[in-house]
Amino acid sequence: MIIVRVEPGPLDAAAELSVLAELGGGALASFTGIARSDTNDHGNVTAIELEHYPAMTLPALDALVQDAFARWPLLGCVLVHRTGLVPVNQAIVVVGTASLHRAAALESTAFLIDRLKTGAPFWKKEHRSGGSAHWVEARSSDDAAADKWGQ
Amino acid sequence: MIIVRVEPGPLDAAAELSVLAELGGGALASFTGIARSDTNDHGNVTAIELEHYPAMTLPALDALVQDAFARWPLLGCVLVHRTGLVPVNQAIVVVGTASLHRAAALESTAFLIDRLKTGAPFWKKEHRSGGSAHWVEARSSDDAAADKWGQ
Amino acid sequence: MHIVYFASIREAIGLDGEQADFPENAATIANCVAHLLARGSVYQAALADRSKLRFALDGHMATEDAPISGAQELAIFPPVTGG
Amino acid sequence: MHIVYFASIREAIGLDGEQADFPENAATIANCVAHLLARGSVYQAALADRSKLRFALDGHMATEDAPISGAQELAIFPPVTGG
């Protein structure tokens, strides 16, 4: 069971992940990334805008999931990424896997989010309470996290 | 926010984890262990019975959570373990953490379930469709997974 | 000292727990186990595989060589299998 | 060849995408970028920091030295920041 989707509206993490519980696997792992409200000189973050490359996004996410299935014995995978304007405290991305083995579920979930961060065509723009908006800079720590999984 | 509980009744993983979404962290990770129905010469597993050591269980789980907070910058943790008879396809354990950082959430979740498997006083007995019941044997792979986190 | 048993060891001994008064020279968990083995075949069968015995003193995991000094409760059980 | 821009590069160039007919000797992504830079200050500003340019050919991530042979669409964008 593979669910890969781009979601323009609100994302209910628990509902997205619920399908994984019915696959007969003993181990479910998940990661949810949430738009958070940190503060700097430009004010609080009020929303994160997600731009993406529609012609590439689903193929890129699907390739990540296929790679995870090739590396671990998985029974299912859910990978849903929000697009457009995401108010703070709402989910941006939900990743989950089901397996007979807990290490497979935990590791594949970490793999998918690490690789998504550097390999899927999404770009974040922070909207601040002062009215300004700023593109989020990529972090070298994300490259390091993605690289640790090898080829 | 720390929730550590032993639950004699059905365990709703999504409901248990929902509190983690409201802590202002950008990263939530979780693991859910489910009673699964494998088959051998004694028939299908119909339920897993969880025995525990009441005087020790909560202190042991709480010590694991404190250890996780000492190792990673966490905003919250949920650790709920079922006791008694768990029919197949129901959750046995739910672990979740919230952090500003995804590596902290993912690693602490893996740490907690790895250490729980070898350090918390629970014992599983499989009930089979043939009417027999068998204590589950500990696995050396669980010791190895717990040991990889060091002291 | 109070002794409690769990899982397969509880079933093999046929008791959830019992009061045991070990002599003063029973200084470690291993000494206590030796006294239990001296009680006969039920204990000998239940505690036969020493590599599969685990212990806790007053709710803290302990190894066979741990001193029991002052502990109120000794727990004897097989390797845990929760999660 | 169709070119598409995303995020800060899209905003700096002021276009979502455009049709570009590069000469036959523009064999790699780097050659195409050189032709875009030759168009003047808007492109030079948008594409100034080469270390922060990323590319895709027909929806697959590619590096600057990749041959464009036959590709329909070149995408130019900053490092991705999803998830």
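Remember, predicted model here, so these are calculated numbers, not experimental data. Note: hydrogens, waters and symmetry copies are ignored here, and every other heavy atom, side chains too, is used.
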Residues 122-149 of chain B: residues contacting chain A (heavy atom under 4.5 Å, by number):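 Within residues 122-149 of chain B, the residues that come under 4.5 Å of chain A (heavy atoms only) are B:Arg139, B:Asp142, B:Ala145.
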Positions in residues 20-38 of chain B that reach chain A, provided some heavy atom is under 4.5 Å away: B:Ala21, B:Gly24, B:Gly25, B:Gly26, B:Ala27, B:Leu28, B:Ala29, B:Ser30, B:Phe31, B:Thr32, B:Gly33, B:Ile34, B:Arg36
Inter-chain contacts: residues 62-83 of chain A against chain B, heavy atoms under 4.5 Å: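 Listed by number: none.
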Close approach to chain B in residues 85-119 of chain A, criterion heavy atom under 4.5 Å: A:Leu100, A:Arg102, A:Leu106, A:Thr109, A:Ala110, A:Ile113, A:Asp114, A:Lys117
